[in-house]
Structure formats: C-alpha cells, structure tokens
Amino acid sequence: MKRWIHSSLIALLLLITPSVSGQEISVTAEVSRNRMTVDETLVLTVSVSGSNLGDVPKPVLPDMQSFIVIGSTSSTSSSFNLVNGKLSSSKSVRFIYQLKPRNSGTFVIDPAEVTYDGVKHETTPISIEVAPSASGAAPAAGNRVAPGGGSPSSAMGSMPDDTAQPDLGDAVYIRTTLDKKQAYVGEQVTVTYTLYTRLGLSNARYDVVPSYTGFWMEEQFTAHHLDFMEEIIAGRRYAVSKLRQIALFPTVTGELTIDPLSMVCDVQGERSRRSLFDSFLNDPFDTFFSNTRQVRVASVEQTVRVLPLPDAGRPAGFSNAVGDFSLEATVDQATTEVNQPVTLTVVLAGEGNLKTVEDPVLPPLGVFNEYQSGNKAEYESGGLRISGTKTWEHVLIPTAPGEHIIAPLEFPFFNPDTDSYRITTTDPVTVTVLPASGVQAAAAVIPRKTPVRQIRKDIQYIKPETVFLGDQGEVLYQSSWYLLLHVLPVAAVLATVLYRSHAHRLRRDAGYARRRRAKSNALGELRQSGEKLKRDALDQAITGISNALYGYIAARCNLPTAGLTSARVVELLRERGVDEETVGLVRDCLDSCDLARFARTAHSAEHTENLLGRARNGIESIESQLNGDR
C-alpha cells in the first residue's frame, strides 16, 4: 500500500512539472540616461527573468533609425534555494546594447520583443532627448598642465554665487589615474582619484560623482576624511590625499568615457610671504592663508578603449568569465553508505569579477542524486585587483553501493594577461559507497507513565503560624511621583542623544543641512520679496520669488542652483513622487517669473502678489509630500 502511494505521488509530480515552464516571465528594458548629447553613447539593457527559465532567445530590437548599434553583449545569473526539502531556482538574462544617436532631437525607442515558449513579450517604449554637440570653446588657461598630470583649468569651475572664481592655476587639482587605457570586455580597469593642493582646504565634499556608464563598478577605497601626505612635484610642495579607488569592469565594447569627479571646498587665498624662507617652510594649512573662497575642483574626463573577446579559441561552455581563476572540488567524506549524504564542495578562486561568474557545470553524477544546498562568496578589494573565492555546496545521495568516481569539473575563462582562453579543471573525486546497514533506524523506547509520589518533606517554614500584616499605605512603585522620577531621566537622555545626533549630522552632512533649512530659507526669501512688493520694487520681488523656488528645489535635491531650469525642476519633482498638480503649480510660477523678467509689461502688483502666494503654496505642498525625505 505504501509503495502504491509513493508511486502515485511521483506520477503526480511528473504531471505538474511541465506546467512550470509555461509560467509568467518578466521582460523589461531600461537605458543608462534619458538626456544626452549627440556626442555621447547610450546603454540599452533588456532583462528577462523568471523561475525555472530555460534558454532565452535574443530580443528582436525595433527599427533603430535614430541610433546606431555600436556594440552588444549579454550576461546570465542564476540562483538556487533548497528550503524544507523543496528546490527552487530563478534565472535572469541581460542583453546589453550600446547605442549612438545619429542626430539631435527627441526620439522614442519602440518596444523590443522576446518570444518565449510561443508567447510574445514586449517592453515599454522609452523616450530619449538628444541635445546638439556641446562644443564650447575652452578658456585660454586650458593649455596649462598641472604637475603630476592634472589639468588646473578644467579642474577649477565657477560656483553658482555672484563671487568671481579665483584663478588658482595648478594650486588645487584632482588627478585621475588609470592602470590601463585599453581593456577587454569584463577585464578590470582600476581608476584612482588623488587630490593635490598647495593651499589650505576646508569643508570639502563631493559635488558630482561619475555614474560609470557602460561599466560594472566595485568601490575599493573611499576616503572619509582628507589624509594628506607631503609630495614634492616640479620643485613645489603639495599636500596629496587619495580620494577614491574604483574597479571598473566594462560591459560593452567601444570607446567608453569616464566622466569627471568634482568636489566643492573652501580655499584660502594666499597672502604675500613674510620672507623668502616661507616658500620652503610653507604648509598647506598654515595660518597665513586667508580670504576664503568656495571653489569647485574637477578631474579630467578619461576614455577607455574596450575590445571584444576574441572568437578564435573560445572553448565550449564559456560564460564570459574574465580573469585568472583556479577550481577545486572536494568531498567531506570519502566513504559512506547508500542513502547517506555526501557534501561536494566546489571552490573557485582567483582575480576577476566573481559576482558575475556563473555556476560551474557538474559532470554526469551517475548513481548520485544531487541537491544544491547553497553558495557563499568572499571578496578582497584592498589591493589593486579584485580577488576572492566563491564556494558552492552540493549534497549528493548515493543510490547504489560500489566505488564511484565523480569526473573532473571544468571552468573556462579568458585571461587578459595572456590574451588567451584557459580551462581550469578539478581532480577526479572517488567516493566508496557501502551497502546500507540494518541499524539505521532504531526503534524509540517510550517511557511508561507513573504517578507522582512524594518522597520526603524537606521544606522548613519560616513562619509556621498565620499573622496579620496591617495596611502599610500606598505601594511605593505605584505612586505617580515615583514613576515620574524614573521616566524623566530616560526622557532627558533620549532627548539629549537625539539633539546631539541632529546637531552632529547638521555639521557633517551638508546635504542633510541643506534639506532641513530649505523651507525656512525659501520662505524667508519670499517674505523679503513681499517687502519689496510693498515698496513697488516689482522686478526685485519677481527675482526674489524665482531665486526662492530654484534655491528650495536645489537644496531639497542637494544640487547646485546653477544650471537648474524649469524643465529640470519638473523632472526632479516627478522623480520624487510629487503630484502633478503641485508640479504644474511650480512650473507655472517659474515660467511666470521668467516671462515677467524678460517682458516687463506682463506683470503688475496684483499679478506679483498672486505669484507670491502661489509660490508659497507650492513650497508648502512639496514640503508636506517630501517630509519623510530628510
């Protein structure tokens, strides 16, 4: 009877299994940017994911009349979970295309199609805005080269305030160092940013951090404070601090651009030296610096030429692994019995992007039933190269006795140092399986219930007789003042901790401080505009309303005010989930301010007063919707 039930369950599982392959899959498309210039490139990624996913065909791209496909690649990731004896798997396939626009304008990338199991899936359309080439003339000082390879002219940019930007030459700059300018797809490129200064710096913070479009990025080092060391360059003493070290793994081919990294800091202007010897004893943080100015320093844009992996010599089963790896396979016990588990551990070690490495394929296991029990990874990023180990564990259950050999596992990869494909293999693993013993399941002995009986009396009572205890009044711990005395110190400590944490964050986190003060600063500017309106200074009132709105949005989003436009403000508000009514109100206010400033007859005192009220309502509405974004 038990054998019949077991067979019926197996047949039922076999009938259910085909229905899994027909389950729903997810097909999405995304781009690296929605606004670009005609000189830049765009990365389009089509992702297909689902449980128990089989072979996925390449997507059918729409008609790319407005773009040129200059490169493509793909990557696959899988995961397996064994929970309570139930094995589940999921798989994700990414198809990556690098596009270059043919001309400027606004274009729509139509849906891409993926047909899987006879069902057609489509992505959503994506709108792209391509601006003309930004071929502005460089300043006259742009031909100067800073010591150590930086470019002072490109490094020093003007701030959004009205103060003139000081010409600091090669006194402060950021140098970008690449360990290689040409690499294969998937090969590590290490980027190092170093700050050089001969002046005193304070309140330094990042302004724009590159997005590294077209690369898989791993952060190896980030400076939490400026740790300066002294270095003499071209006869001048510099304070040098390492800012960041990033490991980049190209995902597409072609010429890839690494955008500049920029910082904002307060720089002290140099006074005249007191003597000739000061030029030799000068320290970047000496007290004879003064005239503090806020400046923006940026690195120089870098390019990396990415080559495709060669087709010649590509081994079967190659899954785009690039680096230098070794593979090892071991079992926890060489001798076992039938139906007793053995754990096969597979360890992949070496240098490369182990996070994108696919699982090694197991050879035919014969009499063993295999269940994957999990995997783990350990990464080392302290050196120049990313390295580490990735471990997979497989539970093997033998079904027949004898001496069985697990064939070697193979893992093909491309070694960029030798420009060739390599295959690392494991040694054969021998497992001796003995017949099942007859005492595997011993019957459990259940103890018989017995009544509880008293053995002896060993309790000595302190007060053998009952006595009357009179009323002692209110219990101390139940009185209100007693509880209050205990609650007040705790509340005071919590309030002190919260206030100190808030004050510390205001001092250390410039973005948090700007967001906290954004509303009060904006309303203060609006109050000043109201005072100017009462004095019939309409132009100044209109300018104050525009500055209040732009300054509030810039502070809430932790962005510089310079460069913000009405369209950019609308985009930022929509990204943060502000409702369309409020977005339209802010846009109308900004457009009205622009119209009033350029067409002076288009506004009056009543119009300006109405605009002031709408601007205040817009700020209050945004604040109520983004009150959790602190």
Side-chain angles (χ1 to χ4, degrees), residues 33-35 127 129 159-162 205-209 211 264 498-499 501-503 505-534 538-598 602-603 605-630:
R33 63 183 76 182
N34 293 95
R35 301 176 64 184
S127 178
E129 181 180 343
M159 294 302 296
D161 55 16
D162 297 333
R205 66 270 190 196
Y206 289 114
D207 179 38
V208 177
V209 177
S211 58
V264 175
L498 293 177
Y499 174 78
S501 176
H502 172 70
R505 190 175 178 186
L506 284 177
R507 292 192 302 269
R508 298 297 182 184
D509 191 345
Y512 174 76
R514 292 185 68 192
R515 291 193 296 270
R516 294 287 296 185
R517 298 165 181 162
K519 178 182 177 183
S520 60
N521 292 340
L523 294 180
E525 284 199 65
L526 291 180
R527 283 192 295 271
Q528 294 179 8
S529 298
E531 295 295 330
K532 296 173 182 177
L533 178 60
K534 294 178 181 178
L538 299 184
D539 292 339
Q540 297 180 9
I542 290 293
T543 302
I545 295 173
S546 177
N547 292 341
L549 287 173
Y550 279 116
Y552 173 76
I553 299 300
R556 287 294 306 187
C557 302
N558 195 21
L559 294 173
T561 308
L564 277 184
T565 62
S566 177
R568 179 57 176 161
V569 167
V570 170
E571 181 181 347
L572 291 172
L573 293 179
R574 285 174 176 168
E575 288 176 355
R576 283 156 178 79
V578 178
D579 60 62
E580 287 297 323
E581 182 180 357
T582 305
V583 172
L585 176 61
V586 174
R587 180 183 57 228
D588 293 341
C589 290
L590 294 176
D591 292 342
S592 298
C593 291
D594 293 338
L595 178 62
R597 284 186 295 176
F598 295 103
H603 67 284
E606 293 77 7
H607 174 266
T608 305
E609 184 176 1
N610 178 265
L611 183 60
L612 182 64
R614 288 192 295 156
R616 186 179 293 107
N617 293 337
I619 292 176
E620 293 289 350
S621 179
I622 295 173
E623 193 71 18
S624 64
Q625 297 181 52
L626 301 184
N627 56 3
D629 184 15
R630 293 295 188 184

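Residue numbers start at 1 and run along the sequence shown.
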Mind checking what makes side chain to side chain donor-acceptor pair (under 3.5 Å) contact with Ser211, not counting sequence neighbours?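 Residues passing side chain to side chain donor-acceptor pair (under 3.5 Å) with Ser211: Thr213.
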Who passes side chain to side chain donor-acceptor pair (under 3.5 Å) against Ser566, sequence neighbours left out?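 If we apply the side chain to side chain donor-acceptor pair (under 3.5 Å) test to Ser566, skipping adjacent residues, the hits are Asp591.
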For [X], give me all partners under salt bridge (Lys or Arg N to Asp or Glu O under 4.0 Å), at least two apart in sequence or on another chain.
{"X": "Arg574", "value": "Glu580"}
{"X": "Arg568", "value": "Glu571"}
{"X": "Glu620", "value": "Lys519"}

Donor-acceptor pair, side chain of Ser520 and main chain of Arg517, under 3.5 angstrom: yes
Using atom types as modelled and distance alone, determine if a side-chain donor or acceptor of Ser624 lies under 3.5 Å from a backbone N or O of Ser621.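 It does hold such a pair.
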Who are the side chain to side chain contact (heavy atoms under 4.5 Å, CB included) partners of [X], not counting sequence neighbours?
{"X": "Asn34", "result": "Val31, Ile126, Ile128"}
{"X": "Leu585", "result": "Cys589, Arg614, Asn617"}
{"X": "Gln528", "result": "none"}

As an exercise, state the distance from [atom1] of [X] to [atom2] of [Y], rounded to the nearest 0.5 Å.
{"X": "Lys532", "Y": "Ile545", "atom1": "NZ", "atom2": "CD1", "result": "10.5 Å"}
{"X": "Leu572", "Y": "Ile622", "atom1": "CG", "atom2": "CD1", "result": "10.5 Å"}
{"X": "Leu611", "Y": "Leu526", "atom1": "CG", "atom2": "CG", "result": "9.5 Å"}

Would you please say whether a donor-acceptor pair under 3.5 Å links the side chains of Tyr552 and Glu525?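 Glu525 and Tyr552 do not have a side-chain donor-acceptor pair below 3.5 Å.
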